[in-house]
Undergrad: 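First the structure, which I've put down as structure tokens, then a few questions once you've had a look.
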Protein chains: 2
Amino acid sequence: MTSVEEPARPGERIRDAARTRAEILDVATREFSRAGYDGARVDEIAARTRTTKRMIYYYFGGKEQLFTAVLERAYGVIREAEQQLDVDHLDPVAAIRRLAELTFDHHERHPDFIRLVGIENIHGAEHIAASEELGRMGSPALDVIRRILAAGQESGLFTADVDAVDLHAMISSFCFFRVSNRHTFGALFGRDLVDPGRREHYRAMLGDMVIAYLTAERAADR
Amino acid sequence: MTSVEEPARPGERIRDAARTRAEILDVATREFSRAGYDGARVDEIAARTRTTKRMIYYYFGGKEQLFTAVLERAYGVIREAEQQLDVDHLDPVAAIRRLAELTFDHHERHPDFIRLVGIENIHGAEHIAASEELGRMGSPALDVIRRILAAGQESGLFTADVDAVDLHAMISSFCFFRVSNRHTFGALFGRDLVDPGRREHYRAMLGDMVIAYLTAERAADR
DNA sequence: TAGCTAACGTACTGGTTCGTACATTAGTGA
DNA sequence: TCACTAATGTACGAACCAGTACGTTAGCTA
């Protein structure tokens with residue numbers, strides 16, 4: 001709780017639909033990611049906003065739709081980051097490493113997003129299913145991976161028999177787990193996966209792993 | 001809901017503390033993993049049991065402690081599976097693959113466990129921290145990994161500079177993500193990571209990935 | 001077989017929480 | 001400047017839900 005909280009200066013009570021809506025989304029993101037869907041309290045979200053609970057229902061309709069809106073925005077952010085990705089000038093190995101690092105960095109910077117996705121999975125992705133926006137929004141990362149993979153496989157550099165979706169799963173799993181399972185992993189094995197001092201180590205480890213997998217000589221080791 | 005539910009035959013109303021306790025744990029595991037901690041209903045757990053809500057409080061004390069007991073049992077199961085692991089007669093490469101496959105299989109067979117761990121992470125692992133049992137119970141898998149890693153590194157087979165905890169994180173992340181993020185991943189990318197038809201593919205992919213990482217020639221590719 | 005206790009059941013309560021009915025005001029277009 | 005609508009605030013209700021007070025019975029032991 002920030003000690004300096006605006007004591008509702010009457011002069012500043014200006015109507016601004018966009019700002020109110022955005023502020024609700026900000027606070028809701030924090031509250032949902034803090035406590036989970038059922039643990040989150042609509043009253044608590046309202047209290048941390050400069051507006052009232054009435055507005056949440058006015059703009060979003062209900063708790064369920066609010067959560068969906070929060071998810072939509074969170075996914076929008078990562079999609080935007082992925083669209084910035086420009087690796088076509090790099091060789092396949094460097095390009096894949098760059099892509100993995102971008103994924104790594106985004107997960108690191110957005111623990112709230114990770115938690116929201118975890119929560120959504122507990123609820124069977126029903127909000128994603130209910131959202132038109134999330135349904136039709138593709139994944140720029142996937143397109144990038146597809147191009148890199150094609151180049152790498154054509155040149156013979158990449159020997160692994162994977163497609164873009166599976167490679168994306170491989171990269172995401174490491175980045176996601178490191179953040180999502182930080183607490184149980186730390187409690188059970190005594191190692192903080194998100195310790196800043198180990199950040200570079202894990203970032204390099206991810207790249208090494210993916211590249212080793214893609215470029216390994218496939219022997220009869222099965 | 002199973003249609004054939006025992007209509008409380010009065011003759012069978014026998015007292016059996018152990019059975020009652022175990023039944024509560026079974027049902028609670030399902031309910032918590034279905035709905036999350038706050039989404040789970042104590043009344044619902046009681047209703048699906050042959051006993052009443054009163055007994056939950058009699059045996060466990062409260063919802064919080066019940067969840068902790070559920071977690072303790074779930075972690076106990078995986079620890080037991082890991083203890084069965086006997087790979088000392090295998091060469092390091094085969095041993096690592098076997099270990100990865102066992103981890104893979106356990107995650108596949110226990111989606112409830114995965115969900116519980118996800119839920120516990122949303123709550124900052126506070127129940128693990130509150131549990132003596134979970135605190136002092138180590139990880140047999142870690143010991144195994146340590147031995148294999150030492151052997152592989154000594155023989156020069158393994159070139160990667162990892163320790164057992166990090167390698168365990170790498171293996172777990174893939175196995176965990178595949179189950180935990182099944183729903184969002186499926187909804188967004190149209191691929192079911194737990195499709196039985198792709199099971200062998202992913203199992204092999206995990207082993208290939210880990211072994212490629214461990215045995216790669218470390219060039220100046222950074 | 002009497003009595004004692006662990007095991008079990010019923011019915012209720014107090015607080016919480018999502019959602020809404022009703023009232024009000026800022027800003028905009030005619 | 002007047003009226004109309006989008007935006008906002010207040011107060012409340014109804015359902016839900018964790019937890020408990022109180023009462024009962026099975027089965028063991030002396």
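In what follows, chains carry the letters A, B, and so on, assigned in the order in which the sequence lines appear, proteins first and then strands, with residues in each chain numbered from 1.
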Undergrad: Just compare D/dA7, D/dA26, D/dG19 and give me whichever is closest to any side-chain atom of B/K53.
TA: D/dG19

Undergrad: Describe, in one word, how the ring planes of A/F185 and A/F177 are oriented to each other, choosing from parallel (under 30°), tilted (30 to 60°) and perpendicular (over 60°).
TA: perpendicular

Undergrad: How many Å lie between CG on B/D16 and P on D/dC28, as a whole number?
TA: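 Atom CG in B/D16 sits about 11 Å away from atom P in D/dC28.
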
Undergrad: In this structure, how many angstroms lie between the P atom of C/dT16 and the CD1 atom of A/I45, rounded?
TA: 18 Å

Undergrad: Under 4.0 Å between a side-chain N or O of A/T51 and OP1 or OP2 of D/dA7?
TA: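 It does not, given that no N or O in the side chain of A/T51 lies less than 4.0 Å from OP1 or OP2 of D/dA7.
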
Undergrad: Starting from the 5' end of DNA chain C, give me the residue, A/E44 or A/R54, whose nearest nucleotide shows up first.
TA: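 Per heavy-atom nearest nucleotide, the more 5' residue is A/E44.
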
Undergrad: Mind checking whether A/H127 and A/Y37 have parallel, tilted or perpendicular rings, split at 30° and 60°?
TA: tilted

Undergrad: Rounded to whole angstroms, how far apart are CD1 on B/I56 and C1' on C/dA7?
TA: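 Spelled out: CD1 on B/I56 to C1' on C/dA7 is 15 Å.
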
Undergrad: Mark yes or no for a side-chain to base donor-acceptor pair under 3.5 Å between B/R41 and D/dA18, with no hydrogen or angle criteria applied.
TA: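 In this structure, the two groups form no donor-acceptor pair.
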
Undergrad: Would you call A/E108 and A/R178 a salt bridge, using N to O less than 4.0 angstrom?
TA: yes

Undergrad: Reckon B/T52 touches a base, only the sugar-phosphate, or nothing at all at heavy-atom distances under 4.0 Å?
TA: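 Since a base atom lies under 4.0 Å of B/T52, the category is base.
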
Undergrad: Side chains of B/T29 and B/D112: donor-acceptor distance under 3.5 Å anywhere?
TA: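 B/D112 and B/T29 do not have a side-chain donor-acceptor pair below 3.5 Å.
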
Undergrad: How many whole angstroms separate atom CZ of A/R19 from atom P of D/dA7?
TA: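 Atom CZ in A/R19 sits about 13 Å away from atom P in D/dA7.
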
Undergrad: Do A/E23 and A/T49 have side-chain N/O donor and acceptor atoms under 3.5 Å apart?
TA: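 Side-chain D/A pair, A/E23 to A/T49: absent.
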
Undergrad: Grab the CZ-C1' distance between B/R15 and C/dT5 for me, whole Å please.
TA: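 In whole Å, C/dT5 C1' and B/R15 CZ are 9 Å from each other.
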
Undergrad: Among the nucleotides C/dA7, D/dC17, D/dT20, which one has an atom lying closest to any side-chain atom of B/Y58?
TA: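 My answer, after comparing the listed nucleotides, is C/dA7.
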
Undergrad: So what does A/A40 hit on the nucleic acid, given a heavy-atom distance under 4.0 Å: a base, only sugar-phosphate, or nothing?
TA: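 Sugar-phosphate contact only.
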
Undergrad: Under 4.0 Å, counting only non-hydrogen atoms across every strand here, what does B/Y59 touch: a base, just sugar-phosphate, or nothing?
TA: sugar-phosphate

Undergrad: Quickly work out the A/F60 CZ to C/dT20 C1' distance and round it to whole Å.
TA: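 A/F60 atom CZ is separated from C/dT20 atom C1' by 18 Å.
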
Undergrad: In whole Å, I'd like the distance from the OH atom of B/Y57 to the P atom of C/dA11.
TA: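 Rounded to whole Å, this separation is 18 Å.
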
Undergrad: Can you say whether a donor on the side chain of B/K63 sits under 3.5 Å from an acceptor on the base of D/dG19, or the other way round?
TA: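 Check fails, no donor-acceptor contact within cut-off.
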
Undergrad: Provide, to the nearest angstrom, the distance between the CG atom belonging to A/D43 and the C1' atom belonging to D/dA11.
TA: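 Checked: the CG to C1' distance equals 13 Å.
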
